[in-house]
Amino acid sequence: MAFPLQPVVGMKRPTVFSFLLMLVVMGVALALALRSNVVSSTSSNTVPFTQLKQALERGEVEALRIEPERLVATLKTPAGGRRQELLAERLPNIDDKELLAVAAEKEVVVTGHFDERGGLWWAALWGLSPLLLLYFLVRGMGASAALNRKGAKPLSFGKSQAKIFDRSTDNAITFNDVAGVDDARSELEEVVRFLRTPDKYQALGARVPKGVLLIGPPGTGKTLLARAVAGESGVPFFSLSGSEFVEMFVGVGASRVRDLFEQAKQRAPCIVFIDELDAVGKTRAGAAGFAANEEREQTLNQLLVEMDGFDSGTGLVLMAATNRPEVLDKALLRAGRFDRTVLVDRPDVRGREAILKVHMRKLKLGPDVDVHVFAQRTPGMVGADLANTVNEAALATARREGTQVEARDFEEAIDRIQLGLRKDGRVMSEAERRRVACHEGGHALVALTLPHADPVHRVTILPRSIGALGATLQLPTEDRYLMTRDELVDALCVMLGGRVAEALVMGDASTGAQNDLERASELARQMVCRFGMSSLGPQTFGRPMGNPSAIGAVVFDERNFSERTARQIDAEVAALLEREEARARSVLSQRRSTLDAISKALLERETLERDELTAVMKDAAPFAPVPSAA
């Protein structure tokens, strides 16, 4: 009967560094042991100092080696004989200069030195070597991450590594530095009021939530919000990442959790903030239980115990942030631990405008800068992206040696982030430039013609680093949370307009429409399978596997329909795409002269703004758009 092997706790997670260090230690110990016991082919005799000096004076010595504690004289070897050595102890009161003079007279080779202090240093180093070996052994096997951190000491890896911010010195962030997350801010203002005036709540018998969990996509400002709460409250702020709890030895993470809460209780009222909570708080149920990590589980258990062990009336508030709430253990999210969950979502157009204004405070802006327009130009961007956009605009101003950040600098920064770097060195043939101009002109003309399409902001045929040879940028007039069928089919028609324009003007399509076809095919399938916008009726097809509402979750469709229905779905998707392609061809055929004018203008200027497009189209004949198919 076979028994599963259980690893020893002390050797649970060995590292390559610790293994190599042990080999080095064993090698040094072996070398030191052999140093005093080596057997030489030379026979050695220990004699008094005077006898060795007499042999030197008689010319019988070939070489003299001077060591810190003794003298070693190698006698001249007779033919066919065996080499002999005379060993004599060095006498501290004897003048060694006379011995050196005799050796020089007899032409004896002398090696070594007479500095007696060298022996003392060697003895001191020999005595401290065990302590040095122990230090490096602990450094390699204890907790390398903790020891390498600034200010860490040996054997301190069980202590908390949290950074402490104090409003009076470090934490100058307040709610004035946070914008675009008004809903989350209003939720956290209650925590601030409790930390400022706890007596008011205690008199009513109310208690502040023990834990506040901030969830949202990366870059939305979760950590900034937590620091703003501490800054508004004027209390110490303990900040660390969830990954800083886990180390090589089992039990180190739990020790750090205990030390963290002990420090926080001593400095209460205060805020403890754990970033990337999913690093230590992953669920222990389901498939994750088969790949359990004992160190992480002990750390999580200790965190749960500490959250139950402190009283919210002491003024200790635990805050945490994650962008993967779906993987957190349910025990963390129950009432009495993380009582409140605050969603820090992507900002809308008003939120983006407020965020841009915060980051533009330090810039010297030109008179043509319209913050609202740039807020419309950045849909889907989070606070970190907007901060990067403002910085890129300032860098663009510096590159052109300007004194003010102008609108063109912000346009270049947004294009740089959304589309990639301009490839000014890429040279396209005239035929390729004309094809790209026709393609982007087709997108723009269809978008300007259809009633439910987003307005066109800019059209460019400048190549970018992400592989796009051109781009047509559309700006929604307002944030939308729902889309109608007319808006969706117009979006499909705009996506297919570039490929249709190529075929209409150049005679055939090219590979440049690959991305347009991928997006159009996916949107059409979503309309049929998810939105019920087809002749198959008001029903959905396919069941998502996973949690589609979770942030960043990967969702797969589980098939729950027959082969016959699958053929009907494919037919509906193909028919929808064919109808919108025919509608785009009808629009571009009837407005061929306008398409040629836009393409010619793009070839001349490479980039057309909205007002320039309007000027190109104002002389065109009135046009009644083709209605979408039912």
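Just the heavy atoms: all of them, side chains too, but no hydrogens, waters or symmetry mates, feed the values below.
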Worksheet item: Can you tell me if R352 uses its side chain to pair, donor with acceptor, with the backbone of P347 under 3.5 Å?
Response: yes
Discussion item. Whether D409 and R400 form a salt bridge (side-chain N of Lys/Arg under 4.0 Å from carboxylate O of Asp/Glu) is what I want to check.
Written reply: yes
Worksheet entry | Given V436, T607, V459, the one that forms side chain to side chain contact (heavy atoms under 4.5 Å, CB included) with L602 | V459
Practice prompt. Enter the distance from L214:CG to T223:OG1 here, rounded to the nearest 0.5 Å.
Written response: 8.5 Å
Worksheet item: Are the side chains of V456 and V494 in touch, meaning some heavy atoms are under 4.5 Å apart?
Response: no
Fill in: Sidechain N-carboxylate O distance under 4.0 Å for E232, R185
no
Worksheet item: Any Lys/Arg nitrogen of E353 or K357 sitting under 4.0 Å from an Asp/Glu carboxylate oxygen of the other?
Response: yes
Worksheet item: Hey, is the main chain of D183 close enough, under 3.5 Å, to the side chain of S186 for a donor-acceptor pair?
Response: yes
Worksheet item: Would you say L395 and E392 make side-chain contact, with heavy atoms under 4.5 Å?
Response: yes
Fill in: Backbone N/O of R196 and side chain of S233: donor-acceptor pair under 3.5 Å
no
Worksheet item: Taking C-beta and beyond as the side chain, do F410 and L356 meet within less than 4.5 Å on heavy atoms?
Response: no
Worksheet entry | Electrostatic pair R324:E276 at N-O distance under 4.0 angstrom | no
Worksheet entry | Side chain to side chain, L488 and D486, heavy atoms closer than 4.5 Å | no
Worksheet entry | side-chain hydrogen bond (donor to acceptor under 3.5 Å, both in side chains) assessment of Q298 paired with Q302 | CA-CA 6 Å; Q298 289 193 14; Q302 188 63 42; over 6 Å; no
Discussion item. Hydrogens and angles aside, do E297 and N301 bring a side-chain donor and acceptor to less than 3.5 Å of each other?
Written reply: no
Discussion item. If we count only N and O atoms by modelled type, under 3.5 Å, do the side chains of E522 and Q526 hold a donor and an acceptor together?
Written reply: yes
Worksheet item: Are more than 12 heavy atoms from other residues, nucleotides or ligands located less than 6.0 Å from atom CD of E189?
Response: yes
Worksheet item: If you round to the nearest 0.5 Å, how far is CG of L343 from NZ of K222?
Response: 9.5 Å
Worksheet item: Quick one: do E262 and R258 make a salt bridge, cutoff under 4.0 Å?
Response: no
Item to complete: Decide, yes or no, whether a salt bridge links R346 with D385 under the criterion of side-chain N to carboxylate O below 4.0 Å.
Response: no
Discussion item. F338 vs L318, test: side-chain contact (heavy atoms from CB on, under 4.5 Å). Steps then yes/no.
Written reply: CA-CA 8 Å; F338 283 109; L318 178 64; 4.0 Å; yes
Worksheet, complete the sentence: The side-chain hydrogen bond (donor to acceptor under 3.5 Å, both in side chains) partner of T472 among H439, H443, R458, E440 is E440
Worksheet item: Heavy atoms, side chains only, cut-off 4.5 Å: are L517 and L496 in contact?
Response: yes
Worksheet item: Counting N and O atoms only, with roles assigned by atom type, does the side chain of R530 sit under 3.5 Å from a partner on the main chain of F541, one being a donor and the other an acceptor?
Response: yes
Practice prompt. Return yes if some donor-acceptor pair links the side-chain N/O of D490 with the main-chain N/O of E487 below 3.5 Å, else return no.
Written response: no
Discussion item. I'd like to check I215 versus V342 (side-chain heavy atoms, cut-off strictly below 4.5 Å). Are they in contact?
Written reply: no
Fill in: Close side-chain approach of R267 and F238, heavy atoms under 4.5 Å
yes
Worksheet item: Are any non-hydrogen side-chain atoms of V405 and V369 less than 4.5 angstrom apart?
Response: no
